[in-house]
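Chain naming here is simple, since letters A, B, ... match the order of the sequence lines and numbering starts at 1 in each.
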Amino acid sequence: MIIKKIAIYLLVITVSIWSLFPIFWAFIMSISTNVELTSVPAHIIPEKPTSHFYKLIFGLVREELSVISGQAEFIKRGLINSAFVAFITCITTTLIASLGGYVFGRYNFPGKTQSFFIILMSRMIPAISIIVPFYYIFWKYRLLGTYQGLIIAHMAALIPLLMWVLMGFFSTLPIETERAARVDGCGRLRAFRKVMLPMAAPGIAAATILAFTTSWNEFLFAFLLTTGSKAQTLPPSIAGLFTMVAQYALLGASCTLSMIPPIVLSTIFERYILRLRLVDPVTVREFS
Amino acid sequence: MVKIFLENVTKHFDDTVAVDDLTLEIRDKEFLVLLGPSGCGKTTVLNLIAGLEAPDKGHIYFDDELVDQLPPDKRDVAMVFQSYALYPHMNAYDNIAFPLKNKKFPKEEIRKRVLETASLLGIEHLLSRKPYQMSGGERQRVALARAIVREPKAFLLDEPLSNLDARMRISTRTELKKLHEDLEITFVYVTHDQLEAMTMGDRIVLMRYGTIQQIGTPNEVYNNPSNLFVASFIGSNPMNLLECVFVEQEGKKLLKASSFDVDVSSYADICRTIEAGTEVVLGLRPEDLNVSKSRTSENDIGGTIFAVEPLGNEAIIDVKVGDDIVKLSSSDLGLRKGERVWISMNYRKIHIFDKKSGKAII
């Protein structure tokens with residue numbers, strides 16, 4: 001029994017170290033100086049921790065070397081763009097996906113299965129395989145390098161996923177409550193807004209987080225559609241640091257900053273996100 | 001305050017017929033009970049009236065207005081659901097006020113009406129509570145209050161008592177009946193409990209497989225069931241149904257069962273209506289049978305007591321007659337299992353059904 005327990009703990013610890021070490025290393029890099037990072041033998045914990053590179057990104061200090069300041073400026077811009085794109089994407093996506101998910105979860109209409117299959121199919125195709133037509137269409141409609149272009153691309157990828165998740169959530173809500181609202185004098189839209197939406201709040205909260213973090217982390221479309229433009233988001237900006245003069249500490253600070261919003265959001269909304277996956281009539285009742 | 005008329009209404013769900021060519025008139029201010037086993041289509045009828053389902057065929061009228069195309073929010077009917085379907089994110093006050101808010105009543109009027117309704121149902125102390133902070137009975141009252149607060153044209157109730165405990169059910173039954181008298185609104189009440197139907201309804205509609213089996217007052221459906229289904233469904237203790245053949249033998253007219261004969265020669269009604277050789281089902285209500293330890297007439301049926309279920313003031317006795325079990329109620333509490341007894345029946349109260357069609361002959 002004890003051996004089994006020890007084995008389980010060992011396994012958990014190994015997996016945790018395995019997955020947390022890169023995060024830890026990025027953080028260590030961010031608080032070290034470049035000199036320390038290249039010293040031999042390497043230090044796991046820096047002797048003189050510094051917040052210099054964070055300050056640099058937020059423009060609180062300046063470096064004499066304009067290249068480094070330029071890079072930091074570049075990351076700051078990426079942070080702002082990412083926040084803007086992810087915010088708009090998660091709002092619009094959740095709005096559309098909750099309406100769509102509600103309809104697919106609740107109503108029967110001719111062609112329901114087929115149309116839902118088509119929507120979901122867009123999720124099954126690897127993104128890389130449609131990137132060329134995407135690029136061409138965006139070029140044609142002058143959407144390359146624009147915020148709206150990237151937002152549209154993210155919405156196209158996220159709406160099917162969120163609709164699928166929310167459809168499952170809506171279909172678990174008691175139908176009688178919605179019917180009660182209809183009999184009590186609500187039209188379809190009002191019943192949705194006044195009764196179904198508040199009841200689906202945990203699911204919608206979780207879906208919003210999912211949309212935000214996915215858009216925040218998204219690399220491929222951001223890289224191809226916004227690189228080098230004023231709309232470039234954080235992931236391609238970080239990737240860009242590799243191609244410039246290697247600034248490992250700045251890279252570490254950028255990576256650490258990019259991880260903060262998803263970690264904070266998922267910690268705050270953890271119980272909602274868990275509920276989204278484990279939803280059943282019991283939890284709905286618990287919520288009610 | 002509306003007369004509801006369903007004309008040849010049919011409703012399918014995929015391959016199953018929930019309501020099959022049903023025509024029904026619900027009178028103004030009537031307490032009509034839709035009664036039947038689960039899956040008989042009674043709730044679908046209620047949903048059709050509320051507009052939550054649209055009929056595949058047929059029409060629905062409120063008074064003389066065709067309402068087929070009218071959405072639920074425009075029909076001005078109120079509904080109480082089996083699960084109460086309270087809005088979980090609103091407290092009792094907001095739940096009750098919700099229909100009035102939808103109708104854009106002024107705030108003061110809403111407040112006045114909610115408080116009035118709450119005091120009518122004795123739930124003033126619950127108004128600030130959320131549904132999950134209430135017991136089943138309290139939720140049920142809030143659901144009732146939400147339905148009556150706006151004085152609807154008709155009041156639809158879908159098994160509103162089925163989630164209450166037995167004692168609560170009896171007291172709420174009386175209250176609902178009184179509420180109907182006070183409000184003077186058309187009530188349509190769905191239940192699978194024949195006791196609720198008998199005690200509350202002005203008229204009972206018995207349904208099975210989406211069709212109406214019988215419509216009548218509680219007395220009519222109890223005393224003159226139109227077929228075997230109605231006979232077996234109505235009555236606290238189900239009717240005894242015994243298969244017999246009607247035969248003429250040595251100048252006598254007999255109902256011949258596997259293990260006993262009943263001489264019906266002297267009952268002209270029976271002899272006139274049934275042809276010799278017809279296979280019939282004899283229906284005997286437990287309360288119309290008497291049991292005694294000695295034989296009092298030629299026609300008494302002999303049997304052995306198989307089980308005794310005491311109920312306090314009386315007992316349900318299961319008597320084994322040949323291969324059949326006959327249930328009857330008796331106030332003689334001294335009867336014991338295994339005793340030899342004789343069953344006598346009141347011929348005015350026996351029911352005879354055609355075995356093939358199930359329809360009542362007498």
Provide the closest heavy-atom pair for B:Leu86 versus A:Thr177 in the form atom of the first, atom of the second, distance.
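Answer, listing the atom of B:Leu86 first, then A:Thr177: O-CG2, 3.7 Å.
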Compare every heavy atom of A:Val183 with every heavy atom of B:Leu52, then report the nearest pair and how far apart it is.
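In this case the closest contact between B:Leu52 and A:Val183 is CD1-CG2, 3.9 Å.
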For [X], look at atom [atom1] and say whether over 12 heavy atoms of other residues, nucleotides or ligands are found less than 6.0 Å away.
{"X": "B:Lys74", "atom1": "NZ", "value": "no"}
{"X": "A:Phe87", "atom1": "CZ", "value": "no"}
{"X": "B:Lys57", "atom1": "NZ", "value": "no"}
{"X": "B:Gln69", "atom1": "CD", "value": "no"}

Rounded distance (nearest 0.5 Å) linking atom CG of B:Asp94 with atom NZ of A:Lys194:
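B:Asp94 atom CG to A:Lys194 atom NZ measures 10.0 Å (nearest 0.5 Å).
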At what distance, to the nearest 0.5 angstrom, does CZ of B:Arg75 lie from CZ of A:Arg182?
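Separation between the atoms: 10.0 Å.
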With a 3.5 Å distance limit and no angle check, can you tell me whether A:Glu176 reaches the backbone of B:Phe81 through a side-chain donor-acceptor pair?
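No, A:Glu176 side chain to B:Phe81 backbone: no donor-acceptor pair under 3.5 Å.
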Checking A:Arg188 against chain B: side chain, backbone, both or neither under 4.5 Å from a heavy atom?
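It is neither, since no heavy atom gets under 4.5 Å.
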Which bit of A:Ala191 is near chain B, if near means a heavy-atom gap under 4.5 Å: side chain, backbone, both or neither?
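For A:Ala191, there is no contact with chain B at all, as no heavy atom is under 4.5 Å.
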Contact winner vs chain A - B:Arg150, B:Met90, B:Met79, heavy-atom pairs under 4.5 Å
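Top count of heavy-atom pairs under 4.5 Å with chain A: B:Arg150.
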Name the option with the most non-hydrogen atom pairs under 4.5 Å to chain A; the candidates are B:Pro152, B:Pro72, B:Ala50.
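If we count pairs closer than 4.5 Å to chain A, B:Pro72 comes out on top.
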Could you go through B:Asp73 and A:Arg190, starting from their C-alpha distance and side-chain angles, then the distance that decides it, and tell me whether this counts as side-chain contact (heavy atoms from CB on, under 4.5 Å)?
CA-CA 11 Å; B:Asp73 46 308; A:Arg190 192 173 160 83; over 6 Å; no
Is it the side chain or the backbone of B:Asp76 that comes within 4.5 Å of chain A heavy atoms, both, or neither?
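No part of B:Asp76 comes within 4.5 Å of chain A.
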With only heavy atoms counted, which part of B:Leu100 is less than 4.5 Å from chain A, the side chain, the backbone, both or neither?
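Neither part, no heavy atoms under 4.5 Å.
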